[in-house]
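The structure appears right after this line, and notes come after that.
Start at 1 and go down the list; that is how both ligands and their atoms are numbered.
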Amino acid sequence: MIISGALAALCLSVAWDLQREARARMELRWGVVLAVPLLAGGLIFGLRAARALLSPGTIVAEVAADSGLNVAAAFGYLIIALVFQLTLVALVVTRGVVELRRSSRYDALTGLLNRRAMQAALEEQAQRSRRLGEPFSVLMLDADHFKTVNDVQGHAAGDRALQHLGTVLAAQMRDIDRVGRWGGEEFVVLLPGASLAQAREVAERLRERVQALPLRWQDRAVALTLSAGASQWSEAGDELSALLARADAALYRAKAAGRNRVEAEPAPGTPRVGLVS
Ligand SMILES: Nc1nc2c(ncn2[C@@H]2O[C@H](COP(=O)(O)OP(=O)(O)OP(=O)(O)O)[C@@H](O)[C@H]2O)c(=O)[nH]1
């Protein structure tokens, strides 16, 4: 009776935990179905324990009559139920790992690459460019007067505006381009193969799209604009930090010149001709 009771309690508590886990982590509303074998096992052992308590003589007689079969059937059933449940545990763990990988790479609010993933993409591109001489450019983009959006429309509208900006930017990218949220209301774009003039054109297109597509928020149109700075990787021993600093300096100039505009910062020793608007 004690063994059956303990097994019943074990089966039922594990079944309860697993179905709760399956529903919460895997969003399976029918998660309870996956726990059925253990639930059934718990009930069977529970009934055996109850019968042993109420009528010990019957159980003793049953076990004595057919003990080998009894024990084999119980163990067989237990093993099938355990295999089933271990499969479920593996599914739950796999799901957790996938979620973890995703959240370590993507920004939770916008769904764009996060800063760490963007930094890795930039480093990878820099290595390729050092090896193969492949040109590339970066853009630093920053929403204008974003504090006012938060202050006037509320923080929820600000969040929604960042998602909106992320969607607009991502929609303009080629397959090989990468766009990430650098932090706050700032975004970075990696443009493999692009010259500074081409990067400037892309930034101008992004700026126009953002201006043309205001955020719809509670039946109102909230105007959004962004400023952009562009810089190009220089073959003459450039560093990623220097490349980003140039894009940042160009962005700073765009802000200082009135916002909603694009500026480009050539590498040292490169002419500015045709780049400054
Ligand atoms: N809603 C929301 N606001 C954010 C988030 N991250 C940063 N911000 C806000 O973005 C605003 C940035 O303000 P500032 O740095 O003063 O820049 P700005 O108002 O855009 O002005 P300029 O950049 O000079 O045009 C701050 O109010 C931050 O709180 C976020 O995830 N959600």
Side-chain angles (χ1 to χ4, degrees), residues 99-122 137-173 177-191 196 199-231 240-266 275-277:
E99 261 173 34
L100 210 65
R101 278 220 189 113
R102 203 189 139 66
S103 65
S104 72
R105 222 176 122 66
Y106 293 96
D107 173 54
L109 181 66
T110 60
L112 299 178
L113 290 175
N114 63 21
R115 186 176 180 134
R116 192 163 54 160
M118 202 60 208
Q119 184 80 36
L122 288 164
S137 292
V138 297
L139 305 176
M140 282 252 175
L141 310 157
D142 188 278
D144 295 325
H145 299 304
F146 202 71
K147 188 172 180 318
T148 312
V149 176
N150 273 333
D151 291 349
V152 175
Q153 312 290 342
H155 203 266
D159 280 355
R160 186 67 199 87
L162 290 172
Q163 290 170 334
H164 173 73
L165 287 173
T167 307
V168 174
L169 297 181
Q172 298 295 315
M173 296 292 114
D177 299 334
R178 293 283 170 269
V179 56
R181 186 176 176 204
W182 201 241
E185 79 295 15
E186 196 170 15
F187 302 88
V188 165
V189 174
L190 163 64
L191 301 166
L196 189 54
R200 198 190 157 86
E201 275 171 31
V202 173
E204 192 57 45
R205 197 175 69 230
L206 295 175
R207 187 196 65 73
E208 282 168 10
R209 288 305 289 162
V210 166
Q211 188 172 23
L213 294 170
L215 167 72
R216 305 295 316 176
W217 176 254
Q218 293 176 346
D219 295 330
R220 284 193 305 271
V222 179
L224 297 170
T225 62
L226 52 79
S227 300
S231 64
L240 210 46
S241 55
L243 176 76
L244 292 171
R246 291 201 297 280
D248 211 29
L251 171 61
Y252 185 80
R253 283 209 313 278
K255 290 274 181 185
R259 296 175 176 79
N260 190 21
R261 56 186 287 136
V262 176
E263 293 286 342
E265 180 72 21
L275 288 177
V276 181
S277 57

Among all protein non-hydrogen atoms, which one is nearest to atom 6 (N) of ligand 1, and what is the separation to 0.1 Å?
G184 CA, 3.3 Å
Closest protein heavy atom to atom 20 (O) of ligand 1, given as residue, atom name and distance to 0.1 Å:
F146 N, 2.6 Å
Below 4.0 angstrom from a heavy atom of [X], which ligand 1 atoms are there? Numbered from 1 as shown, please.
X    : result
G158 : 1 (N)
D159 : 1 (N), 2 (C), 30 (C), 31 (O), 32 (N)
D144 : 20 (O), 25 (O)
L162 : 5 (C), 30 (C), 31 (O), 32 (N)
R259 : 22 (P), 24 (O), 25 (O)

Candidate with minimal heavy-atom separation from [atom], of [options]:
atom                    : options                : answer
atom 29 (O) of ligand 1 : T148, N150, D142, V149 : N150
atom 15 (O) of ligand 1 : E185, R160, Q153, Q163 : E185
atom 11 (C) of ligand 1 : K147, H155, K255       : K147

Is there a side-chain contact between [X] and [Y] in this structure, where contact means two heavy atoms from C-beta onward sitting under 4.5 Å apart?
X    : Y    : result
W217 : V149 : no
Q153 : R220 : yes
W182 : D142 : no

Look at ligand 1 and say whether R181 reaches it with a heavy atom at a distance under 4.0 Å.
yes
Side chains of D144 and S227, donor plus acceptor under 3.5 Å:
yes
Between atom CG of D151 and atom NE2 of H145, what is the distance when rounded to the nearest 0.5 Å?
12.5 Å
Rounded to the nearest 0.5 Å, what separates atom CG in L240 from atom CD in Q119?
5.5 Å
Salt bridge (charged side-chain N to carboxylate O under 4.0 Å, His left out) partners for R207, two or more places apart:
E204
Determine which pairs satisfy salt bridge (charged side-chain N to carboxylate O under 4.0 Å, His left out) with at least one residue from residues 106-121, sequence neighbours left out, and list them in order.
D107-R181
Taking non-hydrogen atoms only, is A143 closer than 4.0 angstrom to ligand 1 via side chain, backbone, both or neither?
backbone
